[in-house]
2 protein chains.
Amino acid sequence: MSDLFSPIKDSQTLSQKIERKIEQAIREKKLPAGSKLPTEHELCKMFAVSRTALREALRRLNARGLVDIRKGSGMYVADYNVDDAISSLLLYYDLKFDKNLILHINQARLMFEPEIAKLAAQNRTEKNLIDIKKTITDLIACNLDHIQAEADIINRFHAKITEASGNSFVMISMEPIFSLIPRMRNFIYANVDGERDIRVAYHQKIYDAIQAQDGETARNAMKELVEHTNETYINKLQKYNLER
Amino acid sequence: MSDLFSPIKDSQTLSQKIERKIEQAIREKKLPAGSKLPTEHELCKMFAVSRTALREALRRLNARGLVDIRKGSGMYVADYNVDDAISSLLLYYDLKFDKNLILHINQARLMFEPEIAKLAAQNRTEKNLIDIKKTITDLIACNLDHIQAEADIINRFHAKITEASGNSFVMISMEPIFSLIPRMRNFIYANVDGERDIRVAYHQKIYDAIQAQDGETARNAMKELVEHTNETYINKLQKYNLER
DNA sequence: CTATGTAATATGTATTACAAGTTTTTGGAA
DNA sequence: TTCCAAAAACTTGTAATACATATTACATAG
């Protein structure tokens with residue numbers, strides 16, 4: 001026995017053990033979404049633990065989005081949704097947000113968004129077209145000085161195209177970008193003379209291609225757009241660095 | 001005031017309020033990673049709540065990976081890492097895993113992996129080359145009948161190339177794929193006569209291009225590889241559907 | 001200086017009590 | 001019988017107390 005002198009104590013607390021047991025049952029669909037868990041009292045008896053430990057376990061599951069708790073009613077297996085999953089990612093990016101991450105995100109957009117536009121051209125529905133079209137009319141209507149509002153509209157343009165791709169994995173992967181951009185809008189979209197017209201033209205061209213289900217054109221136009229955006233950003237960054 | 005008659009009761013529990021307060025402080029870096037929180041007793045006095053409510057709040061933060069708790073020592077702001085963030089995503093994919101998701105993932109790989117290979121060719125370090133090379137020699141050495149082991153090696157090949165891209169956002173986005181594939185390996189990589197040699201040739205070609213920092217060749221070779229893999233998968237799927 | 005024991009301190013678990021929201025039961029009125 | 005409202009029963013939320021157990025700091029003996 002090589003582990004003769006291995007630690008005796010179990011590093012896990014009681015509540016963590018209970019948490020894992022219930023989580024496991026949920027993962028294996030033994031407890032389907034929406035189903036009611038036994039009451040605290042019953043669970044205490046079943047696990048043979050105090051209400052303290054049991055409650056802390058269920059607070060853990062609740063915090064992670066796996067269990068809904070309704071006072072006076074009971075505890076239910078939650079319908080674990082994308083937002084729960086993505087919120088953790090956003091928290092991570094939130095904490096690690098720096099100039100390096102912005103560069104990586106810009107790079108990723110250059111790589112991914114043209115392909116996404118192409119896929120969107122193939123899979124778009126009529127509703128997708130309406131959504132995308134609206135962002136363009138909104139952009140045209142947007143006051144030139146409202147930089148924040150403009151950036152949000154542009155952001156929505158890209159998000160709606162991603163949505164039109166119809167690919168859930170792609171949507172989830174890109175979601176952090178669209179959620180983070182409001183925080184770095186001033187870094188990304190430069191407000192230069194004539195920029196608005198150039199951008200609207202790009203958006204319109206991409207929209208037309210997606211409507212015509214012309215994947216290659218959509219891809220190339222989106223490629224030009226994100227490259228253009230990135231250049232504008234780099235120019236702005238250099239100017240900013242010179243000024244200080 | 002349109003919310004004159006809105007509910008008076010606060011739907012949030014005490015522990016949730018405390019959770020948010022501390023989370024906010026962590027997000028704003030008022031509590032830097034690694035720093036020690038006040039003791040339970042002190043926090044109880046500061047928030048003017050019972051130990052029960054306070055502990056449940058900290059169990060929530062602990063479950064989410066924001067706070068480390070060491071019995072007998074104290075509570076510390078955790079160094080929130082990628083794994084914490086990704087684990088939530090994995091849980092989501094775990095619960096929503098179905099044939100549709102596999103299709104979306106395959107589609108995403110067709111779109112993204114060629115671009116990733118191109119970027120890897122630009123940014124790869126010597127260590128990246130060693131890691132990628134090893135997966136190829138491992139693949140050659142792998143017994144033809146060990147389907148599981150083979151799939152894991154192939155998976156590592158793709159993961160190491162993604163790592164070589166040097167783009168943190170891309171790595172995080174692709175991570176769920178590499179974590180999920182072990183669950184669907186039998187679906188993805190078909191075991192057909194001569195398949196191994198074809199695959200090794202592709203891997204070698206991609207490796208050479210990455211080593212030579214030839215982005216275009218790496219991109220095109222990876223495109224061929226993932227398309228080949230996808231075709232093999234679809235063939236296998238059709239054959240499987242015919243058999244039943 | 002080192003090793004060991006001890007006290008102080010921190011978190012983990014259990015128990016009891018009551019508050020407050022929800023659901024079910026009950027019983028009377030129409 | 002049917003409907004409705006009050007009451008009871010039940011469920012989760014919060015508080016307070018007690019003790020178990022792990023860690024840390026310090027004192028003491030060698």
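Lettering of chains follows the sequences in order, A, B, ..., and the numbering in each one begins at 1.
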*Check for a donor-acceptor pair, side chain of A/D79 on one end and backbone N or O of A/A33 on the other, with a separation under 3.5 Å.*
no
*May I ask you to decide whether A/K160 forms a salt bridge with A/E163, counting only side-chain N to carboxylate O separations under 4.0 Å?*
yes
*asked:* So if I take residues 40-57 of chain B and measure heavy-atom distances to DNA chain C, which residues fall below 4.0 Å?
replied: B/E40, B/R51, B/R55
*Decide if atom NZ of A/K21 counts as having more than 12 heavy atoms of other residues, nucleotides or ligands within a radius under 6.0 Å.*
no
*Between D/dA22 atom C1' and A/L14 atom CG, what is the distance in whole Å?*
15 Å
*Specify the separation, in whole Å, of atom NZ of A/K17 and atom C1' of C/dG12.*
11 Å
*asked:* Counting C-beta onward and ignoring hydrogens, is there a side-chain heavy-atom pair between A/L101 and B/S168 closer than 4.5 Å?
replied: yes
*Where along residues 68-81 of chain B does a heavy atom fall under 4.0 Å from DNA chain D?*
B/K71, B/G72, B/S73
*Examine the side chains of A/T135 and A/D138 and answer whether a donor and an acceptor come within less than 3.5 Å of each other.*
no
*asked:* Angle between the two end axes of the helix from C/dC1-D/dG30 to C/dA30-D/dT1, five base pairs per end, rounded to 10 degrees?
replied: 10°
*asked:* Using a strict threshold of under 4.0 Å (side-chain N to carboxylate O), is an ion pair present between B/R60 and B/E56?
replied: no
*Taking atom NZ of B/K30 as the centre, report whether more than 12 heavy atoms of other residues, nucleotides or ligands fall under 6.0 Å from it.*
no
*Out of curiosity, B/T39 OG1 to B/K45 NZ, how far, rounded to the nearest 0.5 Å?*
8.0 Å
*Is the shortest side-chain N to carboxylate O distance from B/K127 to B/D131 below 4.0 Å?*
yes
*In whole Å, what is the span from the CG atom of B/L37 to the P atom of C/dA10?*
13 Å
_Donor-acceptor contact present, side-chain A/D68 to main-chain A/A78, <3.5 Å_ = no
